[in-house]
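Below is one structure, written out as structure tokens; the observations come after it.
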Amino acid sequence: MGSPRNEGEGNKSADRNYRKATKEFVESERGQQEIENAGNVSPSEEQDIRRAEEQAKQRAKDHDPAEMTNHSDATTREGTSREGSSRNSRPAH
């Protein structure tokens, strides 16, 4: 039988298997029931979901190091690389 072939990144066999299993589930009776009930939550569950979303947004805004790095990098790049650009040349006031 041998060892399975390593397809690396972009594994086509895994993709094909996932798509087949997903299609079978969606077409199944249980899948149809899950689809019909999707989004049906109690008022307390809805409140919990909204609270969790707000907390996640706040954490992402407060603690995203990439956002802070990108912001400061963009400022530095704009300040240094565009100074001599004719596109942004304006008379000093």
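Side chains are part of it too, since the values below use all heavy atoms of this structure and drop only hydrogens, waters and symmetry mates.
Legend: residues meeting side-chain contact (heavy atoms from CB on, under 4.5 Å) with Asp15, ordered by chain and number and at least two apart, are Arg19. Under the side chain to side chain donor-acceptor pair (under 3.5 Å) criterion, Ser44 pairs with Ser42, not counting sequence neighbours. Residues meeting the side chain to side chain donor-acceptor pair (under 3.5 Å) test with Arg30, sequence neighbours left out: none. The side chain to side chain donor-acceptor pair (under 3.5 Å) search around Asn17 returns none, not counting sequence neighbours.
Between Glu27 and Gln32, the closest heavy-atom pair is CA-NE2, 4.3 Å.
No more than 12 heavy-atom neighbours from other residues, nucleotides or ligands sit within 6.0 angstrom of CD on Glu29.
Residue pairs satisfying the salt bridge (charged side-chain N to carboxylate O under 4.0 Å, His left out) criterion with at least one member in residues 47-56, sequence neighbours excluded, are listed as follows: Glu46-Arg50, Asp48-Arg51, Glu54-Lys57.
Under a 4.5 Å side-chain heavy-atom cut-off, the cluster of Ile, Leu, Val, Met, Phe, Trp and Tyr residues that includes Tyr18 has no other member.
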